[in-house]
Amino acid sequence: DAGVTQSPTHLIKTRGQQVTLRCSPKSGHDTVSWYQQALGQGPQFIFQYYEEEERQRGNFPDRFSGHQFPNYSSELNVNALLLGDSALYLCASGKWRETSQPQHFGDGTRLSIL
Amino acid sequence: GEDVEQSLFLSVREGDSSVINCTYTDSSSTYLYWYKQEPGAGLQLLTYIFSNMDMKQDQRLTVLLNKKDKHLSLRIADTQTGDSAIYFCAESILINSGTYKYIFGTGTRLKVLA
(Lines give C-alpha, C1' and ligand atoms only; values in the text may rest on other atoms or scores of the structure.)
Protein backbone atom coordinates (compact mmCIF):
# COMPACT_ATOMS: atom_id res chain seq x y z
CA ASP A 1 0.00 0.00 0.00
CA ALA A 2 1.75 3.13 -1.24
CA GLY A 3 1.76 6.09 1.07
CA VAL A 4 1.74 9.70 -0.04
CA THR A 5 4.04 10.22 -3.00
CA GLN A 6 5.37 13.55 -4.21
CA SER A 7 7.26 14.51 -7.34
CA PRO A 8 9.78 15.70 -8.12
CA THR A 9 11.98 15.29 -5.04
CA HIS A 10 14.15 18.27 -5.91
CA LEU A 11 13.68 21.22 -8.23
CA ILE A 12 15.74 24.28 -9.10
CA LYS A 13 14.10 27.34 -10.65
CA THR A 14 14.97 30.98 -11.17
CA ARG A 15 13.11 34.06 -10.01
CA GLY A 16 10.01 34.85 -12.04
CA GLN A 17 9.49 31.33 -13.28
CA GLN A 18 6.52 29.11 -12.57
CA VAL A 19 6.56 25.67 -10.96
CA THR A 20 4.16 22.74 -10.57
CA LEU A 21 4.52 20.18 -7.81
CA ARG A 22 2.58 16.94 -7.71
CA CYS A 23 1.11 14.75 -4.99
CA SER A 24 -0.63 11.39 -4.97
CA PRO A 25 -2.50 10.69 -1.75
CA LYS A 26 -2.41 7.48 0.21
CA SER A 27 -4.80 4.86 -1.15
CA GLY A 28 -8.28 5.42 0.28
CA HIS A 29 -7.69 9.10 1.10
CA ASP A 30 -9.66 11.86 -0.57
CA THR A 31 -8.34 15.13 0.90
CA VAL A 32 -4.99 16.70 0.09
CA SER A 33 -3.31 19.52 1.99
CA TRP A 34 -0.16 21.42 1.07
CA TYR A 35 2.39 22.86 3.47
CA GLN A 36 5.46 25.04 3.00
CA GLN A 37 8.45 24.47 5.28
CA ALA A 38 11.08 27.17 5.03
CA LEU A 39 14.56 26.44 6.36
CA GLY A 40 14.61 26.38 10.14
CA GLN A 41 10.83 26.71 10.42
CA GLY A 42 7.87 24.47 11.00
CA PRO A 43 5.52 23.66 8.11
CA GLN A 44 2.94 26.32 7.27
CA PHE A 45 -0.50 25.42 5.89
CA ILE A 46 -1.04 26.61 2.31
CA PHE A 47 -4.42 25.14 1.38
CA GLN A 48 -6.54 22.01 1.30
CA TYR A 49 -8.51 20.29 -1.45
CA TYR A 50 -11.51 18.00 -1.33
CA GLU A 51 -13.84 17.04 -4.15
CA GLU A 52 -11.67 19.06 -6.53
CA GLU A 53 -12.34 22.29 -4.66
CA GLU A 54 -10.14 24.43 -2.44
CA ARG A 55 -11.76 24.12 0.99
CA GLN A 56 -9.48 26.16 3.23
CA ARG A 57 -6.57 28.48 2.61
CA GLY A 58 -3.74 29.68 4.80
CA ASN A 59 -2.02 33.05 4.63
CA PHE A 60 -0.43 32.68 1.20
CA PRO A 61 -0.73 35.01 -1.82
CA ASP A 62 -2.67 34.21 -4.96
CA ARG A 63 0.59 33.23 -6.67
CA PHE A 64 0.01 29.92 -4.92
CA SER A 65 -2.76 27.92 -6.54
CA GLY A 66 -3.73 24.32 -6.74
CA HIS A 67 -5.85 21.70 -8.30
CA GLN A 68 -7.28 18.33 -7.37
CA PHE A 69 -8.11 15.73 -9.96
CA PRO A 70 -10.91 13.13 -9.98
CA ASN A 71 -8.41 10.46 -8.86
CA TYR A 72 -7.72 12.64 -5.76
CA SER A 73 -4.17 13.53 -6.80
CA SER A 74 -3.23 17.17 -6.55
CA GLU A 75 -0.94 19.82 -7.95
CA LEU A 76 0.51 22.92 -6.34
CA ASN A 77 1.36 25.75 -8.72
CA VAL A 78 3.47 28.74 -7.81
CA ASN A 79 3.77 31.65 -10.24
CA ALA A 80 6.29 34.49 -10.40
CA LEU A 81 8.71 32.69 -8.10
CA LEU A 82 10.55 34.70 -5.46
CA LEU A 83 13.73 33.81 -3.61
CA GLY A 84 11.62 33.44 -0.49
CA ASP A 85 9.67 30.60 -2.08
CA SER A 86 12.68 28.35 -1.56
CA ALA A 87 11.43 25.68 0.82
CA LEU A 88 10.41 22.08 1.33
CA TYR A 89 6.84 21.62 0.10
CA LEU A 90 4.96 18.89 1.88
CA CYS A 91 1.74 17.20 0.87
CA ALA A 92 -0.55 15.51 3.39
CA SER A 93 -3.55 13.32 2.70
CA GLY A 94 -6.49 12.28 4.81
CA LYS A 95 -10.05 11.10 4.62
CA TRP A 96 -12.98 13.47 4.79
CA ARG A 97 -14.83 13.21 8.12
CA GLU A 98 -12.36 10.75 9.61
CA THR A 99 -10.90 13.33 11.92
CA SER A 100 -9.72 10.74 14.45
CA GLN A 101 -7.02 9.54 12.09
CA PRO A 102 -3.81 11.50 11.51
CA GLN A 103 -3.03 12.77 8.07
CA HIS A 104 -0.15 11.15 6.23
CA PHE A 105 2.72 13.24 4.91
CA GLY A 106 4.86 12.70 1.85
CA ASP A 107 8.62 13.18 1.86
CA GLY A 108 8.27 16.55 0.16
CA THR A 109 9.65 18.42 -2.81
CA ARG A 110 12.63 20.62 -2.11
CA LEU A 111 12.37 23.76 -4.24
CA SER A 112 15.38 26.02 -4.65
CA ILE A 113 15.06 29.43 -6.29
CA LEU A 114 18.20 31.01 -7.74
CA GLY B 1 -5.37 32.61 17.70
CA GLU B 2 -3.32 29.79 16.31
CA ASP B 3 0.21 29.58 17.64
CA VAL B 4 2.44 26.72 18.76
CA GLU B 5 5.69 27.39 20.57
CA GLN B 6 8.67 25.18 21.33
CA SER B 7 12.15 25.71 22.69
CA LEU B 8 14.73 25.64 19.92
CA PHE B 9 17.43 23.32 21.25
CA LEU B 10 17.91 20.42 23.65
CA SER B 11 21.08 18.49 24.32
CA VAL B 12 21.17 15.25 26.33
CA ARG B 13 23.60 12.42 26.96
CA GLU B 14 22.99 8.99 25.47
CA GLY B 15 20.93 6.85 27.85
CA ASP B 16 19.34 9.82 29.61
CA SER B 17 15.71 10.86 29.19
CA SER B 18 14.79 13.76 26.93
CA VAL B 19 11.80 16.00 27.54
CA ILE B 20 10.62 18.28 24.75
CA ASN B 21 7.98 20.87 25.61
CA CYS B 22 5.35 22.65 23.58
CA THR B 23 2.64 25.21 24.27
CA TYR B 24 -0.31 25.97 22.05
CA THR B 25 -3.01 28.60 22.07
CA ASP B 26 -6.06 27.21 20.27
CA SER B 27 -8.37 25.55 22.78
CA SER B 28 -10.39 23.91 19.99
CA SER B 29 -7.56 21.52 19.12
CA THR B 30 -8.84 17.98 18.65
CA TYR B 31 -5.55 16.12 18.49
CA LEU B 32 -1.95 16.99 19.26
CA TYR B 33 0.96 15.38 17.48
CA TRP B 34 4.68 14.84 17.69
CA TYR B 35 6.66 14.52 14.47
CA LYS B 36 10.34 13.76 13.93
CA GLN B 37 12.33 15.19 11.03
CA GLU B 38 15.83 14.07 10.17
CA PRO B 39 18.11 16.17 7.92
CA GLY B 40 16.81 16.36 4.35
CA ALA B 41 13.82 14.17 5.12
CA GLY B 42 10.07 14.58 5.47
CA LEU B 43 7.98 14.31 8.62
CA GLN B 44 7.71 11.05 10.53
CA LEU B 45 4.70 10.74 12.83
CA LEU B 46 5.89 9.57 16.26
CA THR B 47 2.74 9.65 18.32
CA TYR B 48 -0.43 11.64 18.92
CA ILE B 49 -2.91 12.21 21.70
CA PHE B 50 -6.60 13.06 21.74
CA SER B 51 -7.24 16.39 23.43
CA ASN B 52 -9.32 14.88 26.25
CA MET B 53 -6.53 12.52 27.34
CA ASP B 54 -3.83 13.33 29.88
CA MET B 55 -1.17 10.82 28.95
CA LYS B 56 -0.22 8.33 26.31
CA GLN B 57 2.68 5.89 26.40
CA ASP B 58 4.14 4.15 23.37
CA GLN B 59 7.32 2.16 24.04
CA ARG B 60 10.05 4.71 24.81
CA LEU B 61 7.73 7.65 24.20
CA THR B 62 5.45 9.27 26.78
CA VAL B 63 3.18 12.16 25.91
CA LEU B 64 1.74 14.35 28.64
CA LEU B 65 -1.03 16.84 27.98
CA ASN B 66 -2.13 19.59 30.35
CA LYS B 67 -5.16 20.98 28.60
CA LYS B 68 -5.77 23.67 31.20
CA ASP B 69 -2.32 25.16 30.61
CA LYS B 70 -2.28 24.18 26.91
CA HIS B 71 1.02 22.41 27.47
CA LEU B 72 2.22 19.27 25.72
CA SER B 73 5.42 17.34 26.36
CA LEU B 74 7.22 14.42 24.79
CA ARG B 75 9.50 12.28 26.94
CA ILE B 76 11.94 9.94 25.22
CA ALA B 77 13.35 7.33 27.59
CA ASP B 78 16.86 5.93 27.12
CA THR B 79 17.68 8.45 24.41
CA GLN B 80 19.92 7.12 21.64
CA THR B 81 22.13 8.88 19.09
CA GLY B 82 19.59 7.88 16.43
CA ASP B 83 17.06 10.08 18.20
CA SER B 84 19.02 13.18 17.16
CA ALA B 85 16.65 15.13 14.93
CA ILE B 86 14.19 18.02 14.93
CA TYR B 87 10.95 17.35 16.77
CA PHE B 88 7.77 19.21 15.84
CA CYS B 89 4.70 19.61 17.96
CA ALA B 90 1.47 20.15 15.99
CA GLU B 91 -2.16 20.75 16.82
CA SER B 92 -5.07 19.89 14.58
CA ILE B 93 -7.76 22.49 14.01
CA LEU B 94 -11.07 21.27 12.67
CA ILE B 95 -12.15 23.05 9.48
CA ASN B 96 -15.23 22.69 7.33
CA SER B 97 -16.65 20.09 9.75
CA GLY B 98 -15.03 17.40 7.71
CA THR B 99 -11.32 17.65 8.05
CA TYR B 100 -8.60 19.63 9.73
CA LYS B 101 -5.38 21.53 9.23
CA TYR B 102 -2.23 21.26 11.28
CA ILE B 103 -0.52 24.13 13.07
CA PHE B 104 3.14 23.31 13.66
CA GLY B 105 5.64 24.67 16.12
CA THR B 106 9.06 25.86 14.98
CA GLY B 107 10.67 22.60 16.07
CA THR B 108 13.12 21.56 18.79
CA ARG B 109 16.51 20.36 17.66
CA LEU B 110 17.54 17.41 19.86
CA LYS B 111 21.22 16.58 20.00
CA VAL B 112 22.23 13.34 21.71
CA LEU B 113 25.80 13.20 22.94
CA ALA B 114 27.57 9.83 22.98
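Proteins come first, then strands; the chains are lettered A, B, ... in the order of their sequence lines, and each starts at number 1.
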Under a single-linkage definition using a 4.5 Å side-chain heavy-atom cutoff for Ile, Leu, Val, Met, Phe, Trp and Tyr, are [X] and [Y] assigned to the same hydrophobic cluster?
X: B/Leu64; Y: B/Tyr24; answer: no
X: A/Tyr89; Y: B/Tyr35; answer: no
X: A/Leu88; Y: A/Ile113; answer: no
X: B/Leu61; Y: B/Val112; answer: yes
X: B/Tyr33; Y: B/Met53; answer: yes

Part of [X] lying under 4.5 Å from any heavy atom of chain A:
X: B/Leu94; value: side chain
X: B/Phe50; value: neither
X: B/Thr30; value: neither
X: B/Tyr102; value: both
X: B/Tyr100; value: both

Subject >> Side chain proximity check, B/Gln44 to A/Asp107, heavy atoms < 4.5 angstrom >> reply: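 A side-chain contact is absent here, since even the closest heavy-atom pair is not under 4.5 Å.
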
Worksheet item: Quick one: are B/Phe88 and A/Gln37 in side-chain contact, heavy atoms under 4.5 Å?
Response: yes

Answer key: most heavy-atom pairs under 4.5 Å with chain B among A/Ser33, A/Gly42, A/Gly108 is A/Gly42

Proximal component of [X], with respect to chain B [non-hydrogen, under 4.5 Å]:
X: A/Gln103; value: both
X: A/Tyr35; value: side chain
X: A/Gln48; value: side chain

- Message: Let me confirm one number: the CZ-NZ distance from A/Arg55 to B/Lys101, rounded to the nearest 0.5 Å.
- Response: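 The distance works out to 15.5 Å.
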
So, taking the atom named CD in B/Gln37 and the one named CZ in A/Phe105, what distance separates them when rounded to the nearest 0.5 Å?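 Here the rounded value is 10.0 Å.
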
Begin from the C-alpha positions of B/Ile93 and A/Gln56 and carry the test side-chain contact (heavy atoms from CB on, under 4.5 Å) through to its verdict. CA-CA 12 Å; B/Ile93 309 294; A/Gln56 184 82 2; over 6 Å; no

Closest heavy-atom pair, A/Pro102 versus B/Leu45, reported as atoms and distance to 0.1 Å, is CG-CD2, 3.6 Å

Nearest heavy-atom approach of A/Pro43 to B/Leu43 is CG-CD1, 3.9 Å

More than 12 heavy atoms from other groups under 6.0 Å of [atom1] on [X]:
X: B/Arg109; atom1: CZ; value: no
X: A/Leu83; atom1: CG; value: yes
X: B/Asn52; atom1: CG; value: yes
X: A/Arg15; atom1: CZ; value: no

| query | Is the gap between the ring centers of B/Phe104 and A/Phe45 under 6.0 Å? | reply | no

Would the distance check show the side chain of B/Tyr31 and the main-chain N or O of A/Gln101 forming a donor-acceptor pair, the cut-off being under 3.5 Å? no

